[in-house]
Amino acid sequence: MDIEEWYAADQRRRQGRELAFGRGWAQGSPPQWLADLFWNELTGELFLLRKPVPPAWLPIVSPDDLRRWLAEIQDLGAEVAEAARHVLHPRHRRARAGEPGLRDGPANPANPEPAGHETEDEADIEPLGVVGSRSELEEMLAGWQRALPEVDSLGWLRGRLGRLGVVGPAPDRQPPPTVRGAQPR
């Protein structure tokens with residue numbers, strides 16, 4: 001689902017605090033895309049922000065090193081999460097704030113592109129299900145920090161959530177998942 005459409009479909013998604021449960025979830029080696037896992041406190045929705053893998057020529061760090069590093073800093077808690085807000089994907093930030101993106105047209109007609117938004121990419125949202133409380137979610141995801149750096153971390157996540165009745169099969173292999181589990185608050 002398109003990020004902008006996701007947030008526009010339910011304004012509570014913009015109002016609810018989003019908690020991240022790992023950045024850089026992957027499937028296979030090399031992965032075709034990476035995903036960040038979020039849970040919205042207001043709606044109870046658990047979803048992936050799927051985004052392209054950084055280009056191989058980018059000399060900063062490898063995707064595997066980046067996933068390991070992000071998994072390690074997750075243990076540091078809310079301070080890191082707040083400090084790393086800029087790490088959120090640009091389209092995710094814009095859609096959540098209701099700011100115009102390239103698909104909405106330029107913010108300034110004299111400038112054909114919105115300020116600071118050089119290119120549009122293929123990031124999207126994959127809804128996974130609904131979980132009624134943070135404590136329930138933390139119990140469901142126990143051990144995610146160890147699973148995140150693995151080659152098939154998304155397989156671990158989907159398997160865990162599937163066994164608990166929260167998510168269906170992966171959408172790129174089977175029909176889209178149905179929303180199961182507790183109702184939103």
Side-chain angles (χ1 to χ4, degrees), residues 1-25 33-54 66 70-71 73-74 76-109 111-141 144 148 154 157-158 161 164 166-168 170-172 176-185:
M1 173 180 274
D2 181 79
I3 296 171
E4 287 83 6
E5 290 172 6
W6 168 259
Y7 285 101
D10 186 340
Q11 290 301 313
R12 297 175 309 148
R13 292 175 177 149
R14 289 188 174 130
Q15 297 164 358
R17 189 170 84 163
E18 289 180 350
L19 302 177
F21 287 87
R23 300 183 195 282
W25 292 89
W33 46 266
L34 298 175
D36 300 341
L37 179 63
F38 292 96
W39 179 72
N40 188 301
E41 280 187 325
L42 186 59
T43 65
E45 293 167 313
L46 185 64
F47 63 94
L48 294 172
L49 171 66
R50 299 180 347 162
K51 56 194 178 181
V53 174
L66 180 61
L70 289 171
I73 67 168
Q74 291 290 336
L76 298 177
E79 291 176 31
V80 169
E82 188 60 33
R85 278 177 43 145
H86 68 281
V87 174
L88 286 177
H89 193 277
R91 277 189 65 206
H92 185 193
R93 278 198 318 266
R94 287 193 313 270
R96 183 161 165 72
E99 297 173 3
L102 289 179
R103 294 180 186 194
D104 300 320
N108 176 354
N111 180 2
E113 294 188 20
H117 309 307
E118 293 78 24
T119 60
E120 195 65 76
D121 57 52
E122 300 174 10
D124 63 9
I125 297 285
E126 179 186 332
L128 296 176
V130 177
V131 179
S133 71
R134 181 176 180 172
S135 61
E136 182 182 0
L137 180 62
E138 287 175 349
E139 186 177 321
M140 288 178 175
L141 295 178
W144 71 266
L148 184 62
L154 272 172
L157 178 64
R158 291 184 196 287
L161 295 174
L164 297 170
V166 174
V167 69
D172 52 347
T178 57
V179 175
R180 290 182 237 148
Q183 295 299 314
R185 291 189 273 163

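Count residues from 1 along the sequence.
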Take Arg158 and Glu126 through the salt bridge (charged side-chain N to carboxylate O under 4.0 Å, His left out) test and state the conclusion after the steps. CA-CA 12 Å; Arg158 291 184 196 287; Glu126 179 186 332; 2.7 Å; yes
Using the six-membered ring wherever Trp is involved, compare the ring planes of Trp144 and Trp25 and label them parallel, tilted or perpendicular (cut-offs 30° and 60°).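 Ring orientation, 0 to 90° scale: tilted.
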Roughly how far apart are [X] [atom1] and [Y] [atom2], rounded to 0.5 Å?
X	Y	atom1	atom2	result
Leu164	Leu137	CG	CG	10.5 Å
Tyr7	Gln15	OH	CD	12.5 Å
Asp10	Glu5	CG	CD	14.0 Å
Leu34	Arg23	CG	CZ	12.5 Å

side-chain hydrogen bond (donor to acceptor under 3.5 Å, both in side chains) partners for Glu138, two or more places apart: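 Listed in chain order: Arg134.
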Residues which pass side-chain hydrogen bond (donor to acceptor under 3.5 Å, both in side chains) with Gln11, listed by chain and number, not counting sequence neighbours: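 Per chain and number, Gln11 pairs via side-chain hydrogen bond (donor to acceptor under 3.5 Å, both in side chains) with Arg14.
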Please examine the side chains of [Y] and [X], heavy atoms only from C-beta on, and report whether any two atoms are closer than 4.5 Å.
X	Y	value
Leu148	Leu157	no
Arg17	Asn40	no
Phe21	Phe38	no
Asp2	Trp6	no
Leu37	Leu49	no

Please test Leu161 against Leu141 for side chain to side chain contact (heavy atoms under 4.5 Å, CB included), starting from the C-alpha separation and ending with a verdict. CA-CA 8 Å; Leu161 295 174; Leu141 295 178; 4.2 Å; yes
With side chain to side chain contact (heavy atoms under 4.5 Å, CB included) as the criterion, how do Leu48 and Ile125 come out once you've worked through the C-alpha distance, each side chain's angles and the decisive distance to 0.1 Å? CA-CA 6 Å; Leu48 294 172; Ile125 297 285; over 6 Å; no
Mind running side chain to side chain contact (heavy atoms under 4.5 Å, CB included) on Leu154 and Trp33 for me, showing each step along the way? CA-CA 11 Å; Leu154 272 172; Trp33 46 266; 3.4 Å; yes
Compare every heavy atom of [Y] with every heavy atom of [X], then report the nearest pair and how far apart it is.
X	Y	result
Met140	Val131	SD-CG2, 4.0 Å
Glu41	Leu19	OE2-CD1, 3.9 Å
Ala123	Pro52	N-CD, 4.2 Å
Leu42	Gly16	CB-CA, 3.6 Å

Has Asp36 got a side-chain atom pairing as donor or acceptor with Gly24's backbone, closer than 3.5 angstrom?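 It does hold such a pair.
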